[in-house]
Amino acid sequence: MSTLIDDIFDGYGGRRAWQEAERISARQFFGGVLWAMKGHPGALDDVQVTVDLHRQHTRQEPFFTAGHHTDFTPGRIAVETEDGQVVEELLDPRASFAGHEPTTPWTRLKLAYFSGYAMWTYTTEPASLVLPGVTTEEIGTGTEDGQTFRRLAVTYPDSIATHTPHQILYVDADGLIRRDYTVDIAGKAASAQYALDFTTVDGLVVATSRKIYSTDENNRKIPDPLIVSIDLKDVTVH
């Protein structure tokens, strides 16, 4: 019997294609009000991002300075040079967000941590949904803008950094994930992320345009302001 996870993999090019791929790279373009709110307008806009598909690791470059890149894993965020020298690093970065509100400014390392885990989460779906410790359950349907979606409840283990350990994904009739979540490290800001456009690269279906909005008490998006926009170009699969 087909499960929702099976249907999602089918929509994204098939489970085997995702198992055989190792990394996805792309040119990322960021917009929205979040970056100025956090003290870094224009940061990480038009940089190269690379995510590993079978472990949680993200690299973004250049990071403010030519020849510097970020090195993200769940327990560490660092800025390094091309030859691997550490410029600065933060261990246990999640703990550094204690007490943060949506308008609390970020350091550069906090920015790199947030962007690192966010881009990994988005770009690795659906491969990340079957990593060790991740549990999923179909929980019925939801309706938005006249369209009915199947819903998948996802629980991430402590070993995976993401917006929140409990998320609900909205999946369309083609098996594509169209919406999820809440942002714990920004004061548990209720938000919804929408995947809008997709492309197929070496058999993998990858979302190339996303928009993120705040949501109200009824879980409906607040269309203004646009919190974050993400666009990917020149996507490659390794």
Side-chain angles (χ1 to χ4, degrees), residues 18 20-32 34-100 104-125 127-128 131-134 156-163 165 183-186 201-202 204 206 208 210 212 228-238:
W18 285 87
E20 293 178 348
E22 295 183 357
R23 295 182 304 280
I24 294 175
S25 296
R27 202 72 184 170
Q28 73 175 34
F29 297 85
F30 281 171
L34 178 70
W35 316 111
M37 185 187 306
K38 294 300 184 179
H40 300 287
L44 290 176
D45 180 40
D46 191 9
V47 304
Q48 189 77 11
V49 58
T50 300
V51 300
D52 289 16
L53 294 178
H54 306 295
R55 67 174 183 128
Q56 194 171 23
H57 177 262
T58 305
R59 172 174 170 144
Q60 293 170 300
E61 57 192 321
F63 186 68
F64 288 92
T65 300
H68 288 185
H69 64 265
T70 67
D71 187 76
F72 160 81
T73 57
R76 174 183 179 268
I77 182 65
V79 178
E80 298 177 350
T81 63
E82 288 299 321
D83 59 1
Q85 295 185 38
V86 176
V87 178
E88 55 180 332
E89 70 175 351
L90 178 64
L91 303 180
D92 191 16
R94 195 77 173 198
S96 71
F97 289 88
H100 273 226
T104 304
W106 286 340
T107 64
R108 290 186 178 188
L109 284 175
K110 286 183 172 64
L111 168 71
Y113 172 78
F114 171 84
S115 180
Y117 83 66
M119 291 304 296
W120 180 88
T121 301
Y122 304 153
T123 312
T124 61
E125 288 175 341
S128 59
L131 288 178
V134 179
Y156 293 93
D158 292 341
S159 57
I160 294 178
T162 188
H163 289 305
V183 184
D184 285 354
I185 65 173
V201 182
D202 290 342
L204 303 189
V206 179
T208 58
R210 300 175 186 270
I212 298 166
V228 172
S229 66
I230 303 170
D231 292 290
L232 300 183
K233 296 183 179 180
D234 303 324
V235 180
T236 57
V237 174
H238 307 274

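What you see below is based on every heavy atom in this structure, not just the backbone, and it leaves out hydrogens, waters and symmetry mates. This chain uses plain numbering: 1 for the first residue, then up along the sequence.
Among residues two or more places apart in sequence or in another chain, the salt bridge (charged side-chain N to carboxylate O under 4.0 Å, His left out) test is passed with E89 by R76. With sequence neighbours excluded, the residues that form a ring-ring contact (aromatic ring centres under 6.0 Å, His included) with F30 are W35. Residues that satisfy the side chain to side chain donor-acceptor pair (under 3.5 Å) test with Q56, not counting sequence neighbours, are absent from this structure. With sequence neighbours excluded, the residues that form a ring-ring contact (aromatic ring centres under 6.0 Å, His included) with F72 are Y113.
Q28 contributes atom CD, which lies 4.5 Å from atom CD of Q60 (distance to the nearest 0.5 angstrom). From L204, atom CG reaches atom CD of E20 across 9.5 Å, with rounding to the nearest 0.5 Å. Here the NE2-CD distance, from H68 to E80, works out to 10.5 Å after rounding to the nearest 0.5 Å. For the atom pair T121 OG1 and I160 CD1, the distance stands at 8.0 Å (nearest 0.5 Å). Here the OH atom belonging to Y117 is positioned 12.0 Å from the CD1 atom belonging to I77, to the nearest 0.5 angstrom. Here M119 contributes atom CE and T124 contributes atom OG1; the two are 10.5 Å apart, rounded to the nearest 0.5 Å.
Counting non-hydrogen atoms of other residues, nucleotides and ligands closer than 6.0 Å to CZ of R108 gives a total of 12 or fewer.
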Original post:
Between F64 and V87, does a side chain to side chain contact (heavy atoms under 4.5 Å, CB included) hold up when you go through it step by step?
Top reply: CA-CA 12 Å; F64 288 92; V87 178; over 6 Å; no
Subject >> Chi angles and distances behind the salt bridge (charged side-chain N to carboxylate O under 4.0 Å, His left out) call for K110, E88 >> reply: CA-CA 12 Å; K110 286 183 172 64; E88 55 180 332; over 6 Å; no
**OP:** Go through the steps for L44 and F114 under the test side chain to side chain contact (heavy atoms under 4.5 Å, CB included), then give the verdict.
**Re:** CA-CA 11 Å; L44 290 176; F114 171 84; over 6 Å; no
Exercise answer: donor-acceptor pairs, residues 231-238 side-chain atoms, under 3.5 Å, sequence neighbours excluded:
unit_1: D231; atom_1: OD1; unit_2: S209; atom_2: OG; d: 3.2
unit_1: H238; atom_1: NE2; unit_2: S25; atom_2: OG; d: 3.0

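The minimum heavy-atom distance between L90 and S96, with the atom names listed, is CD2-OG, 3.7 Å. Shown here for L53 and A127, the closest heavy-atom pair between the two residues is O-CB, 4.1 Å. The nearest pair of heavy atoms linking G32 to S229 is N-OG, 4.1 Å. Annotation for G133 and P157: closest pair O-CD, 3.5 Å, computed over non-hydrogen atoms. The two residues Y156 and T162 come nearest to each other via the heavy atoms CD1-CG2, 3.7 Å.
Residue pairs satisfying the side chain to side chain donor-acceptor pair (under 3.5 Å) criterion with at least one member in residues 36-49, sequence neighbours excluded, are listed as follows: R27-D46.
The backbone N or O of D52 lies less than 3.5 Å from a partner atom in the side chain of W120, making a donor-acceptor pair.
Classification of the Y122-H163 ring pair by plane angle, with boundaries at 30° and 60°, yields tilted.
When the options T73, T50, D71 are evaluated for a side-chain hydrogen bond (donor to acceptor under 3.5 Å, both in side chains) with H57, the one that passes is D71.
In this structure the side chain of D184 reaches within 4.5 angstrom of the side chain of P165, judged on heavy atoms.
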